[in-house]
Amino acid sequence: MAVVAFLTAAFASETAFAAVKSYRVKVVKEYPHDTGSYTQGLFFRDGQMYESTGQYGSSTFRKVDLATGKPLRKLDFARKYFVEGSVCLGDDLYILTWSNRVAFIYDMNTLSYKSTKSYPREGWGLTTDGSQLIASDGSASLYFMNPDLSVTRKVTVRLAGRPMRFLNELEYIDGKIWANVYTSDLILVINPADGNVEATIDCSGLLPDSLRGPDTDVLNGIAFDPSAGKIYLTGKNWPRLYEVRIEEK
């Protein structure tokens, strides 16, 4: 019986691995991106792009002009805060901080400050399925939260059974969670019900070496514009933002 159980588990693992699709990105169009933007969160609302940027002393939240990459409006944060992921749920804008253990809430329509809430773990990525907030903390876990930031459930993200750590910036696209894997050129497409990775997206070579400078950092920034059905990617201090489509390898 033990042998049967082992073979069944091995077959299930192999089947799960085989079911994971592999994609690569194809650039459709490129746009300027502010090289001073240490991108932490990226999202669209009503066809308008917004971006949160990190680093102590230069953390911001921006309403960004897609065509030029310049901020149409910018919120600056105190030097003690390292801003992370951001997202809009209803008329509220949520902005996480990395290690300050607080989250900020603003009015999305006016960008006026509403409140500061305690946050019990490191803030990394943040997205929403339209009813709940979904957050990462650099581990293999994703946290589903009510608007008051209380956790309703948690899933472990696994690729062929193996936990995938360093989940960073998140985006909810067509019922799946897309996640940057920090320090890599890999994006995971995750089933929110069980945390299983259903596809991987290879983004290597997206930003060519000719555009990299001494401050160019890692891939981080996924935005989906549902009004146009378009996907955008960028990175920390990158000079470009890319509209992309995915193709099977």
Side-chain angles (χ1 to χ4, degrees), residues 19-31 33 39-52 64 66 84-90 92-96 108 124-137 140-145 153-159 164 166-182 184-204 206 218-236 238 240-249:
V20 177
K21 295 182 178 179
S22 296
Y23 295 96
R24 61 177 173 237
V25 291
K26 176 75 173 180
V27 174
V28 176
K29 192 172 182 179
E30 60 182 73
Y31 298 88
H33 182 250
T39 306
Q40 304 287 61
L42 198 68
F43 68 91
F44 278 81
R45 184 190 193 232
D46 298 331
Q48 172 64 56
M49 191 172 77
Y50 297 88
E51 180 178 20
S52 51
V64 181
L66 178 63
E84 284 276 350
S86 58
V87 77
C88 170
L89 177 57
D92 287 334
L93 165 65
Y94 294 82
I95 302 174
L96 299 182
M108 191 66 224
W124 284 50
L126 189 64
T127 190
T128 180
D129 60 6
S131 60
Q132 293 189 99
L133 298 166
I134 306 168
S136 63
D137 65 350
S141 297
L142 291 178
Y143 301 84
F144 294 75
M145 304 182 295
R153 68 186 181 96
K154 182 174 76 169
V155 298
T156 299
V157 174
R158 300 180 189 274
L159 175 58
M164 295 296 293
F166 302 116
L167 302 177
N168 201 4
E169 217 269 311
L170 308 174
E171 186 77 356
Y172 193 83
I173 304 176
D174 294 336
K176 308 298 179 184
I177 302 167
W178 290 33
N180 281 122
V181 179
Y182 184 55
S184 81
D185 291 319
L186 187 67
I187 291 174
L188 306 179
V189 180
I190 303 159
N191 185 327
D194 55 19
N196 286 330
V197 175
E198 297 185 349
T200 61
I201 304 171
D202 180 6
C203 301
S204 58
L206 179 59
V218 298
L219 175 78
N220 196 62
I222 310 167
F224 176 60
D225 181 2
S227 66
K230 296 179 178 179
I231 298 169
Y232 299 85
L233 302 178
T234 191
K236 300 174 184 291
W238 281 24
R240 294 289 187 273
L241 170 86
Y242 295 98
E243 178 193 337
V244 303
R245 66 172 182 265
I246 61 170
E247 301 177 338
E248 286 200 51
K249 282 188 171 183

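Basis for what follows: all heavy atoms, side chains included, without hydrogens, waters or symmetry-related copies.
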*Test side-chain contact (heavy atoms from CB on, under 4.5 Å) on F43 and L93 and set out the steps.*
CA-CA 11 Å; F43 68 91; L93 165 65; 3.9 Å; yes
*asked:* Please evaluate residues M164 and I190 with respect to the criterion side-chain contact (heavy atoms from CB on, under 4.5 Å), reporting the C-alpha separation (whole Å), side-chain torsions for both, the decisive distance (0.1 Å), and the verdict.
replied: CA-CA 11 Å; M164 295 296 293; I190 303 159; over 6 Å; no
*Begin from the C-alpha positions of L206 and W238 and carry the test side-chain contact (heavy atoms from CB on, under 4.5 Å) through to its verdict.*
CA-CA 11 Å; L206 179 59; W238 281 24; 3.9 Å; yes
*Could you give me the CA-CA distance, side-chain angles and deciding distance for D46 and Q48, then say whether side-chain contact (heavy atoms from CB on, under 4.5 Å) is met?*
CA-CA 6 Å; D46 298 331; Q48 172 64 56; 5.7 Å; no
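In this structure, M145 and A135 approach most closely via the heavy-atom pair CE-CB, 3.8 Å. Here the closest non-hydrogen pair linking S141 and L167 is O-CD1, 4.1 Å. For the residue pair Q132 and L89, the shortest heavy atom distance occurs at C-CD2, 4.3 Å. Between C203 and I187 the shortest heavy-atom distance is SG-CD1, 3.7 Å. Among all heavy-atom pairs drawn from L42 and G221, the shortest one is CD2-C, 4.0 Å. Contact detail for P192 and I177: the closest heavy-atom pair is CB-CD1, 3.7 Å.
No donor-acceptor distance shorter than 3.5 angstrom exists from the side chain of S22 to the backbone of T200, with no hydrogens or angles considered. Remark: side-chain polar atoms of S204 are not paired, donor with acceptor, to backbone N or O of D185 under 3.5 angstrom. With hydrogens and angles ignored, the 3.5 Å screen pairs no side-chain donor or acceptor of E84 with any backbone N or O of L96.
The shortest side-chain heavy-atom distance between E243 and V27 does not fall under the 4.5 Å cut-off. No side-chain heavy atom of Y172 sits under 4.5 Å from any side-chain heavy atom of V87.
For the atom pair L66 CG and K230 NZ, the distance stands at 8.5 Å (nearest 0.5 Å). In this structure, D129 CG and F144 CZ are separated by 7.0 Å, a value rounded to the nearest 0.5 Å. To the nearest 0.5 Å, atoms OG1 (T128) and CG (D92) are separated by 11.0 Å. In this structure, the separation between CG on L170 and CG on L188 is 10.0 Å, given to the nearest 0.5 Å. In this structure, CD1 on I134 lies 9.0 Å from CG on L126, to the nearest 0.5 angstrom. Atoms OG1 and CD1, from T234 and I222 in turn, are 11.5 Å apart once rounded to the nearest 0.5 Å.
Partners of E51 under the side-chain hydrogen bond (donor to acceptor under 3.5 Å, both in side chains) rule, at least two apart in sequence or in another chain, are H33, T39. Not counting sequence neighbours, the partners of F44 by the ring pair (Phe, Tyr, Trp, His ring centres under 6.0 Å) test are Y232.
Checked against the 6.0 Å centroid threshold, W124 and Y182 count as a close aromatic pair.
Checked by atom type, the side-chain pair N220/E169 shows no donor-acceptor distance below 3.5 Å.
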